[in-house]
Amino acid sequence: PFIRARGVSVTIADLHVLTDVSLTVHAGARAGLIGANGSGKTTLLKVLAGHLAPDAGTVEAPGGARVGLLSQEFPFPPAWTLRACIQEALAPLTAMVERVERAGLALAQAPTDPARQAELDRALTLAEAHDAWAPESERDRMLAGLGLGQVDPTRAVGTLSGGQRARLHLACVLLGRPDVLLLDEPTNHLDDAAAAHLAELLTT
């Protein structure tokens with residue numbers, strides 16, 4: 001199993017939003033969560049992402065998997081620029097690349113040191129597993145595909161429309177290449193072309 005919830009219960013303001021919910025999603029699987037408005041779908045996704053602690057139950061993501069959540073709340077401060085939001089989204093992958101570079105330099109100073117060779121191997125394995133070098137080159141294609149290609153990267157996100165902010169949030173989550181991807185109503189604010197672009201990304 002890649003992510004598992006066991007007996008999750010959440011109460012908010014005396015309302016039992018979730019009661020004894022259990023599920024397992026295996027690596028590589030795509031699962032859909034269907035329910036009426038107000039039935040707790042968003043709350044469950046927040047619990048699975050680690051953004052909300054359940055009152056009871058547990059959530060497991062083996063190996064410290066990175067979980068990315070597209071929520072309905074925009075996560076960046078209004079004064080941030082579009083470019084700053086993208087850089088923040090790419091920060092974990094940038095850190096992976098920098099770890100490889102540091103490990104390579106350290107090994108070059110002591111080529112026969114097995115500990116330094118092992119660290120380089122670990123760093124490369126992690127970076128390659130997340131294709132950490134790719135998102136920088138994919139950024140422009142991602143933004144264009146979601147209808148943001150013509151937006152000035154120095155523009156404050158507080159001046160964007162609600163739809164533009166939602167699409168930027170989606171771009172940031174996807175570019176971050178999480179191990180587990182949780183999308184809460186991802187096609188909201190997308191036109192047909194952007195929805196088709198998202199479908200292509202999720203099926204390749």
Side-chain angles (χ1 to χ4, degrees), residues 30 32-33 37 41-52 61 64-105 123-124 126-204:
R30 298 179 180 88
L33 187 60
N37 288 341
K41 301 186 300 297
T42 292
T43 299
L44 179 57
L45 291 177
K46 288 180 178 180
V47 171
L48 294 176
H51 293 191
L52 176 66
R66 295 170 54 245
V67 180
L69 171 65
L70 175 71
S71 65
Q72 297 186 41
E73 296 86 29
F74 188 70
F76 302 110
W80 279 28
T81 64
L82 184 146
R83 177 181 292 141
C85 295
I86 296 293
Q87 288 174 338
E88 177 70 12
L90 294 178
L93 302 180
T94 301
M96 293 178 194
V97 172
E98 291 173 346
R99 180 182 173 186
V100 171
E101 293 171 350
R102 288 195 303 272
L105 289 173
L124 278 171
L126 181 64
E128 289 171 353
H130 291 87
D131 203 5
W133 290 271
E136 190 71 31
S137 62
E138 291 178 354
R139 177 191 55 206
D140 293 342
R141 185 172 69 89
M142 178 78 72
L143 293 175
L146 294 176
L148 297 170
Q150 302 304 312
V151 177
D152 183 348
T154 65
R155 182 173 170 180
V157 295
T159 67
L160 300 176
S161 69
Q164 287 174 318
R165 288 195 297 271
R167 283 177 272 147
L168 175 59
H169 187 189
L170 175 59
C172 288
V173 171
L174 295 172
L175 285 170
R177 291 180 176 267
D179 301 299
V180 179
L181 183 60
L182 304 175
L183 303 177
D184 190 357
E185 300 191 23
T187 57
N188 282 359
H189 306 290
L190 298 187
D191 58 20
D192 290 345
H197 182 69
L198 173 61
E200 179 185 355
L201 291 172
L202 296 179
T203 54
T204 56

Trainee: Would you tell me whether T42 and D184 have side-chain atoms, one donor and one acceptor, within less than 3.5 Å of each other?
Mentor: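 D184 and T42 do have a side-chain donor-acceptor pair below 3.5 Å.
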Trainee: Provide the closest heavy-atom pair for A134 versus R177 in the form atom of the first, atom of the second, distance.
Mentor: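 The pair with the smallest heavy-atom distance is CB-NH2, 3.7 Å.
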Trainee: What closest approach, in Å, do R66 and P92 show between heavy atoms, and which atom pair accounts for it?
Mentor: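 Minimum heavy-atom separation between R66 and P92: NH2-CB, 3.6 Å.
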Trainee: Side chains of L148 and L160: closer than 4.5 Å at any heavy-atom pair?
Mentor: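 A side-chain contact under 4.5 Å is absent here.
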Trainee: What's the shortest heavy-atom distance between L45 and L183, and which atoms?
Mentor: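 Answer, listing the atom of L45 first, then L183: CD1-O, 4.1 Å.
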Trainee: Cut-off 3.5 Å, side chains only: do T159 and R155 have a donor facing an acceptor?
Mentor: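 R155 and T159 do have a side-chain donor-acceptor pair below 3.5 Å.
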Trainee: For D152, I'd like to know if atom CG has over 12 heavy atoms of other residues, nucleotides or ligands within 6.0 Å.
Mentor: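 For D152, atom CG is crowded (more than 12 foreign heavy atoms under 6.0 Å).
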Trainee: In Å and rounded to the nearest 0.5 Å, what is the CG to CD distance from L190 to E185?
Mentor: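 That separation rounds to 11.5 Å.
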Trainee: How long is the span from the CG atom in L69 to the CG atom in L48, to the nearest 0.5 Å?
Mentor: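 The distance works out to 9.0 Å.
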Trainee: In Å and rounded to the nearest 0.5 Å, what is the CD to SG distance from E88 to C85?
Mentor: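 Answer for the CD-SG pair, E88 versus C85, is 8.5 Å.
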Trainee: Measuring from atom NZ of K46 to atom CD of Q72, what distance do you get when rounded to the nearest 0.5 angstrom?
Mentor: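 Answer for the NZ-CD pair, K46 versus Q72, is 8.5 Å.
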Trainee: Look up atom CZ in R139 and atom CG in L175, then write down how far apart they are to the nearest 0.5 Å.
Mentor: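 Reported value, rounded in 0.5 Å steps: 8.5 Å.
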Trainee: Could you tell me the separation between the CG atom of L146 and the SG atom of C172, rounded to the nearest 0.5 Å?
Mentor: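 Atom-to-atom, L146:CG and C172:SG are 10.0 Å apart.
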Trainee: Are V157 and T81 close enough that some pair of their side-chain heavy atoms sits under 4.5 Å apart?
Mentor: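 No - every pair of side-chain heavy atoms lies 4.5 Å or more apart.
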